[in-house]
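Notes for the one structure printed next.
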Amino acid sequence: MAGYTLDLFAEEPAAQTRTELAAGAWLLHGFVLAQAPQLLAEVAQIEAVAPFRHLITPGGYTMSVAMTNSGALGWVSDARGYRYDPIDPQTGRHWPALPALFADVARRAAAEAGYPGFEPQACLINRYVASARLSLHQDKDELDQRAPIVSVSLGLPATFLFGGLQRNDKTARHRLVHGDVVVWGGPSRLAYHGVAPLAAGSHAATGECRINLTFRKVR
DNA sequence: AAGTATCC
DNA sequence: GGAC
């Protein structure tokens with residue numbers, strides 16, 4: 001009997017909802033559920049050319065999140081600082097091209113959140129395993145900060161920290177699950193944000209990790 | 001400090 | 001989880 005009931009729930013189409021987290025910041029729940037398998041297949045292709053790696057912060061610490069990029073520009077960090085670079089410093093080659101599906105998802109999500117005309121130039125891909133985190137920070141390495149940030153969550157759930165324009169501002173915590181997209185821009189474009197240490201677990205789509213795609217217009 | 005440790 |  002349990003199987004019958006559970007199967008009915010499994011067939012239920014996932015509800016899509018839109019929630020404003022702060023002025024100009026939206027959580028699009030379930031927005032990329034249907035595209036998730038194809039998005040992850042693209043990540044596998046990208047990873048084969050530009051492997052995930054743990055970047056070093058300017059302060060000399062190794063980041064717990066593993067990163068790679070696709071698109072004309074990629075975000076990197078090393079002892080010299082943070083920057084966007086058209087070349088993957090680990091391979092000496094250009095980052096893999098931004099898949100058409102990535103650009104399509106980013107444009108549609110931005111428009112859904114009130115930012116029509118978004119054209120992503122860079123996609124930072126973050127891989128979190130258990131206990132990996134991203135401390136509170138601002139995305140401010142982009143020359144053009146009129147464009148929003150689009151962030152896609154795949155796999156294991158995470159706690160997203162979203163604060164204000166000053167580091168001391170109180171931060172709210174939001175649960176992000178597989179298929180969610182967060183878009184922030186306008187008054188919240190420079191809001192401090194981060195990800196709490198990932199809880200261990202397993203997800204049918206990704207195994208024991210969470211994959212995050214962050215789209216930016218750099219210039 | 002896009003990091004980590006410690007204390008409550 | 002939040003302060004430091």
Side-chain angles (χ1 to χ4, degrees), chain A residues 21-22 24-25 27 43 46-47 50-90 95 102 106 120-145 147-177 180-185 188-201 209-219:
Chain A
L21 305 181
L27 167 55
V43 171
I46 292 163
E47 177 182 5
F52 281 104
R53 80 293 304 264
H54 294 271
L55 298 176
I56 309 298
T57 67
Y61 290 94
T62 302
M63 297 180 72
S64 59
V65 175
M67 300 178 163
T68 186
N69 291 277
S70 78
L73 294 164
W75 185 87
V76 292
S77 172
D78 61 20
R80 291 155 46 200
Y82 307 140
R83 66 187 172 279
Y84 282 94
D85 198 318
I87 301 296
D88 176 351
Q90 182 168 306
W95 300 102
F102 278 23
Q121 295 171 331
C123 176
L124 174 62
I125 306 175
N126 294 157
R127 186 180 65 195
Y128 297 74
V129 295
S131 85
R133 76 204 68 181
L134 206 52
S135 66
L136 219 54
H137 67 279
Q138 294 172 297
D139 288 9
K140 59 178 186 183
D141 302 317
E142 301 75 26
L143 295 175
D144 182 352
Q145 299 181 343
I149 300 292
V150 175
S151 174
V152 174
S153 292
L154 299 167
L156 288 177
T159 298
F160 183 55
L161 312 171
F162 201 81
L165 300 181
Q166 297 189 264
R167 187 177 285 279
N168 302 343
D169 292 343
K170 177 176 160 52
T171 67
R173 304 168 73 84
H174 298 99
R175 179 178 169 83
L176 298 183
V177 301
D180 286 355
V181 179
V182 181
V183 181
W184 64 98
S188 61
R189 172 62 180 75
L190 290 176
Y192 276 89
H193 60 282
V195 176
L198 196 81
C209 72
R210 168 177 188 260
I211 299 288
N212 172 258
L213 313 176
T214 307
F215 297 96
R216 298 93 184 270
K217 181 180 193 310
V218 179
R219 45 186 172 79

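Throughout, protein chains are lettered first and strands after them, A, B, ... in sequence-line order, and every chain is numbered starting at 1.
- Counting only heavy atoms from C-beta on, R133(A) has its side chain closest to dT4(B) among dG1(C), dT4(B), dA2(B).
- The closest side-chain donor-acceptor pair between W75(A) and N69(A), if any, does not fall under 3.5 angstrom.
- With a cut-off of 3.5 Å on both Watson-Crick or G-U wobble distances, the partner of dC4(C) is given as none.
- The separation between I56(A) atom CD1 and dT4(B) atom C1' is 14 Å, rounded to whole Å.
- Nucleotides dT4(B) and dC8(B) are separated by 23 Å at their P atoms, to the nearest Å.
- The residue R83(A) sits apart from the nucleic acid: no heavy atom pair falls under 4.0 Å.
- Using a 4.0 Å heavy-atom criterion, one finds that T57(A) contacts the sugar-phosphate atoms exclusively.
- Between the side chain of R189(A) and the backbone N or O of A147(A) there is at least one donor-acceptor pair closer than 3.5 Å.
- Using a 4.5 Å heavy-atom cutoff, the side chains of P89(A) and I87(A) are not in contact.
- A straight line from CZ of R167(A) to P of dG2(C) spans 16 Å, rounded to a whole angstrom.
- Residue contacts shown for L55(A) are absent, as no nucleic acid heavy atom lies under 4.0 Å away.
- When Watson-Crick and G-U wobble pairs are counted only if both distances are under 3.5 Å, dA5(B) pairs with no nucleotide at all.
- Between L136(A) atom CG and dG2(C) atom C1' there is a gap of 12 Å when expressed in whole angstrom units.
- Atom OH of Y82(A) is separated from atom P of dA1(B) by 7 Å (rounded to the nearest Å).
- Here N168(A) lies out of heavy-atom contact (under 4.0 Å) with every strand.
- Aromatic ring centroids of F160(A) and W184(A) lie under 6.0 Å apart.
- OP1 or OP2 of dT4(B) has not a single side-chain nitrogen or oxygen of Y61(A) nearer than 4.0 Å.
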